[in-house]
Every structure is written in structure tokens, then in C-alpha cells.
Visitor: 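Take a look at the following structure, please.
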Amino acid sequence: MIRIFLLVISLYSFSALAINTVLIENVTIVSSHLQAAKLRMNVLLDDGRIAQITQNKITNYALKIDGSGKFLTPGIMDSHAHVSSIPGMGFGVEPMATMHPKIAEEYYQQQPKSFLYYGVTQIVDPNPGVNFKHFISADIHPDYLRCEVITTEKTFPYVEKTDDLSRSMFTYLVDENAKESARNSVESIVTDIANSGAACIKIYFEDGYGNASQWPTLSPKTLQRIKLSAKKANLPILAHANALDMQQLALAANVDIIAHGMWNWGKYRRDKQLPKEIKEKLNRVIANELGYMPTQRVIAGLGEVMLPDIVSSPEFLSVTPKSLIDWYKTSEAQWFKEELRVGFDGMGDESIAAAFLYGRIGKGNKVISYLSKAKHPILLASDFPGSPSFANQPGLTTFQEMKAMVDAGLSLSEVLEAATINNAKKFKIENNYGTVEVGKIANLLLLKNNPLGSIESWNSIDTIFLHGKPIHREELVVNK
Ligand SMILES: [Zn+2]
């Protein structure tokens, strides 16, 4: 009997897409709306949703999966991932990717599966550019939400793009002086964005990388107009800002979510407290109930790319096509490392890595820890790939961001919240996502180990449920 049953479960696969009702029997539910894990539950998925959760026997189903000894959680939501990007190459419209169309194609085919491999069933892409269609037209892919970027010709990120191809990523260019009725006014552009089906608006507060300040930012008047129009359209505003002065501008503009940690302040010492002005800023983040995306993998990716063995990471083999891994070993692929070396005045690779992995990560950790001690909800947001670094790979980076949260002092239940319900609430989709409750979309994970026991349990996925359809994790591996 047991043998036959094992055969049945090992056979469900993409071919099981026709199956409508799935019973997950005798499973432990781990979900942030519960005080404690619920043991020995039977969960019925019907027509893509969670139809029933009960301790009673369920007899009507098309497929039964034995959940004994396993853990059922909501699928992970990564609220900051750029699916147009190819790690190590760029946005997919930039020269390096256009020079290697076959590698790019193989990568794009695998990328949605790589996110699913690590249990990511919802993604917010804050800057989709032109290459996201590959993602949503894939047979299976995480549910896709996108923000659209509002910028002007004079402000970041448009101002930094020098070729027409890169500039073509920005569809919603505003003229700050345009009257409300004009086609390129803030009001018209926000309406266009809402009509396009976008889930949010992204604006950049960036006057220059690091300590530089060579670019103007959007005027307070423009920001006010964006806020007003976005509110009418019920679209949250996500701000890119990673320096103190830029995050202060974002706060003043009344945005809903701030992306990126605070990595540029003073000199890091493990035993040193956060500077007063940073604490004051964070207190306002807390008081205004702003969503906060630490995106520690941006910095980790910059540091790790300088490590000689990073391309040989065994984890890459599951999520990165062999052709792309091979390309990372060519001299052509070292262009970004070379840029970092120049930026650091020819410092050794190990010292550059340490500057990121120790000092800046350390500063980000202090910020995360300050917010979490105040019980402020943190959002899981990897900013995959974060830079042209090839150290960040799809899905894997999301998992690593969760591990970074633990390093910064979050408890495992806080990581669960960050990865599920906090994101769902901030992007106003908590009626459909974020917990294991009847009526919600059946984007779920069946884990072999308890995610409240160890962060590594998130890497023990047995089955991913996408709108109720079970997918065995092994089927998603790229280099089988
Ligand atoms: Zn980003």
C-alpha cells in the first residue's frame, strides 16, 4: 500500500495540471495568523484556492498527498526582484546580453522556475523594463506584480542611461512643468500606470552613488502631485533611497515603502550604536508605518562577486543554466569586477569583498535590528540581482535574503511574517495571499522541516503549490 502510494506521489508533475482538487493529508500548518502550528490538518485545494482546512476526514478529491511529518506554509513573496535582469549581464537590453542571445534565452526560460525552486510564488518587480513578458508567458511562473517607474529626463535612473535601448525601459516619463491636462503630466501618467494594471508606483531618490550628488531629484511639488494621484488610484508608492538624506526626502514625500538599507553612514564598529540622526529617521519610519525593504543582498552580491570561488557555488547548479555559469568564467564576464576594482582605487579583491561583507552589511544589520526591536514589520525583498553582480541568482538570492534577516537578529517567526503576510499587506493583496486560510489562493509550500525550527528549513521544499497545482521541487532544477 505504502509503495503504491509513493509511486502515485512521485508521478504527479506538470502533467497533473488538469487535476483540480488536491488533498494534503495529516500536515502541520505554519502560518503567521496562527499562535502555534496546527498539527494533523487536512487541507483541500480546489480550483486554485484553499477550500477547506479540517481535522475531519475528507473523501472527495482527485489527488492525495501525504503531509505526515511535513509542514505547510504560505508561498514566499519577494517584493523586490527584477526579472528583466540577467545576473552579470544587465537588464537584458544592455550590450552584454544582446551579444549573447542564446545564453540570455536559456536563462530567461529557466528564471521563473528558479524562483519557484526556492518557494517564491509571488514577485513584485519594481522596475519591469521591457523584458518581463518572457516571465509571464512561461508555462509556470510566480504570480507577477509590477510597479511602474515615474522619472523625468533629468533625474535618476533615466539620466544615467546613455543609449536609446536602455532609455526605452522607461515608458512613464513625466514633464514636471506640464499642466494637469497634458499627456505627460504627473496626473495623466499615474492614470496610465493604473490603467496598465500595475500594482504600485516606484520613484527614485538618488542624487549620486555613495557620497556623490550630481543629479537633481524630483521636486517637492511633483512628489506631492504623485502622492495625491497615487492615492486616488489606490497605488502604493515604493521609494528607492539608500542614503540618509535621500531616505529623509522619501519620508517627506509620504511614500508607503522604502527600499534599501542604510549602508552609507560613518565608520562601522560592531559595538558602536546607531548614530542619532539615523535613529531619528528610523523612528519616523516606525511612526509612519512605512514598509521597509532592507535588501541586504545588494551589498552581499557586491562583496561576493569579488570572491574567486563564487561561480563554483554548488547552489548555482540548480538555478543557473550551465551556459551562463560557463560564461561567468570568461574574461569578458569580469567587466563588473573590473569596475569595482577601479572604483576602489585598485584595492585587492579580498579587501573590497570585506568592505561590503563586513562594514556595510554590518551597518544594514544595525538598522534592521533597530526596527525589529521596535516590532516594526520588515519586508522580504531581495532586489535580485541588485547590481550587475553574478553572485546573486534567481530564487537563491531570496533565500539568502531570509538568512540575512536571521543574521540581523530577526526571529524565525518574524522572517516568516516578512516573507508572507507583511508583503501581502503592504501591497494590498492580503485577502488573497500571505497566510494558509480558507478562501486564499493556494500558493503554498510543503516543507520537510519546520521553518520555525531553522532558517535552513526553507531550503527543504518538497512540493510547491501554484494556484493549487503541485510541482515537485526536483522538476524545477535546471541542470538535471
Ligand atoms: Zn531594485
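In this chain, numbering begins with 1 at the start of the sequence shown.
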Visitor: Please output the side-chain donor-acceptor pairs of residues 226-236 that fall under 3.5 Å, not counting sequence neighbours, one pair per line with the distance.
Guide:
| unit_1 | atom_1 | unit_2 | atom_2 | d |
| --- | --- | --- | --- | --- |
| Lys227 | NZ | Asn254 | O | 2.9 |
| Ser229 | OG | Arg225 | O | 2.8 |
| Asn234 | OD1 | Lys428 | NZ | 2.8 |

Visitor: At their closest point, which heavy atom of Asn422 faces which heavy atom of Pro377, and how far apart are they?
Guide: ND2-CB, 3.5 Å
Visitor: To the nearest 0.5 angstrom, please state how far the CG atom of Leu274 sits from the NZ atom of Lys279.
Guide: 6.5 Å
Visitor: For the residue pair Phe384 and Val83, establish whether any side-chain heavy-atom pair is separated by less than 4.5 Å.
Guide: no
Visitor: Please report the interatomic distance CZ(Phe465) to OG1(Thr121), rounded to the nearest 0.5 Å.
Guide: 12.0 Å
Visitor: Okay, side chain of Gln334, backbone of Thr330: is any donor-acceptor separation there less than 3.5 Å?
Guide: yes
Visitor: Enter the distance from Trp263:CH2 to Arg360:CZ here, rounded to the nearest 0.5 Å.
Guide: 10.0 Å
Visitor: Using 0.5 Å steps for rounding, measure from the CG atom of Asp349 to the CE atom of Met306.
Guide: 3.5 Å
Visitor: Hey, is the main chain of Arg297 close enough, under 3.5 Å, to the side chain of Gln400 for a donor-acceptor pair?
Guide: no
Visitor: Do Leu466 and Leu116 have side chains that get closer than 4.5 Å, going by heavy atoms?
Guide: yes
Visitor: For the pair Phe316 and Tyr328, name the ring-plane relationship: parallel under 30°, tilted 30 to 60°, perpendicular over 60°.
Guide: perpendicular
Visitor: Go through Trp458 and Phe399 one step at a time and tell me if the ring-ring contact (aromatic ring centres under 6.0 Å, His included) criterion holds.
Guide: CA-CA 7 Å; Trp458 291 104; Phe399 173 53; 8.8 Å; no
Visitor: For atom CD of Glu350, decide whether the heavy atoms of other residues, nucleotides or ligands shown that lie under 6.0 angstrom number more than 12.
Guide: no
Visitor: Pick out which of Val436, Leu444, Ile421, Thr73 makes a side-chain contact (heavy atoms from CB on, under 4.5 Å) with Ser31.
Guide: Val436
Visitor: Any donor-acceptor pair under 3.5 Å linking the side-chain atoms of Glu332 with those of Trp327?
Guide: yes
Visitor: Does Lys161 NZ have over 12 foreign heavy atoms under 6.0 Å away?
Guide: yes
Visitor: Quick one: do Glu414 and Met405 satisfy side chain to side chain contact (heavy atoms under 4.5 Å, CB included)? Show the steps, please.
Guide: CA-CA 9 Å; Glu414 285 168 337; Met405 290 178 162; over 6 Å; no
Visitor: Does CD in Glu180 sit with more than 12 non-hydrogen atoms of other residues, nucleotides or ligands closer than 6.0 Å?
Guide: no
Visitor: Do Asp407 and Asn365 meet the criterion of a side-chain donor-acceptor pair at a distance under 3.5 Å?
Guide: no
Visitor: Before accepting this row, confirm whether a basic side-chain N of the pair Glu475/Arg473 lies closer than 4.0 Å to the acidic partner's carboxylate O.
Guide: no
Visitor: Is there a donor in the side chain of Asn127 and an acceptor in the side chain of His240, or the other way round, less than 3.5 Å apart?
Guide: no
Visitor: Determine whether a donor-acceptor pair (N or O, by modelled atom type, separation under 3.5 Å) exists between the side chain of Ser389 and the backbone of Ala391.
Guide: yes
Visitor: Less than 3.5 Å apart, any donor N or O on the side chain of Asp78 or Ser382 sitting next to an acceptor on the other?
Guide: yes
Visitor: Using a 4.5 Å cut-off on heavy atoms from C-beta on, say whether the side chain of Pro128 contacts that of Arg146.
Guide: yes
Visitor: Which atom pair, heavy atoms only, marks the closest approach of Ser84 to Asp125?
Guide: N-OD2, 4.3 Å
Visitor: Regarding Ser323 and Glu106, do their side chains bring together a donor and an acceptor under 3.5 Å, going by distance alone?
Guide: yes
Visitor: Any donor and acceptor pair, going by atom type alone, linking the side chain of Ser137 with main-chain N or O of Lys133 inside 3.5 Å?
Guide: yes
Visitor: Within a strict 4.5 Å, meaning less than it, do heavy atoms of the Leu371 and Ile378 side chains meet?
Guide: yes
Visitor: Under 3.5 Å, side chain of Ser185 to main-chain N/O of Ala182, donor-acceptor pair present?
Guide: yes
Visitor: For the ring pair Phe356 and Phe344, is the centre-to-centre distance below 6.0 Å?
Guide: yes
Visitor: So Ser460 and Ser457, side-chain hydrogen bond (donor to acceptor under 3.5 Å, both in side chains) or not? Walk me through it.
Guide: CA-CA 5 Å; Ser460 75; Ser457 302; 5.0 Å; no
Visitor: Just checking, any donor-acceptor pair under 3.5 angstrom between side chains of Thr191 and Ser188?
Guide: no
Visitor: Mind running side chain to side chain contact (heavy atoms under 4.5 Å, CB included) on Cys147 and Leu238 for me, showing each step along the way?
Guide: CA-CA 8 Å; Cys147 304; Leu238 163 62; 3.9 Å; yes
Visitor: Which pair of heavy atoms, one from Asn184 and one from Leu173, lies closest together, and at what distance?
Guide: CB-O, 3.9 Å
Visitor: Got Thr295 and Asn242 here, is their nearest side-chain heavy-atom distance under 4.5 Å?
Guide: no
Visitor: Under 3.5 Å, is there a donor-acceptor pair between the Thr435 and Lys440 side chains?
Guide: yes
Visitor: How are the rings of Tyr144 and Phe135 set relative to one another: parallel (under 30°), tilted (30 to 60°) or perpendicular (over 60°)?
Guide: tilted
Visitor: Could you pull out all donor-acceptor pairs under 3.5 Å where a side-chain atom in residues 285-294 meets a protein atom, sequence neighbours excluded?
Guide:
| unit_1 | atom_1 | unit_2 | atom_2 | d |
| --- | --- | --- | --- | --- |
| Tyr292 | OH | His260 | O | 3.4 |

Visitor: Do His80 and Asp383 have side-chain atoms, one donor and one acceptor, less than 3.5 Å apart?
Guide: yes
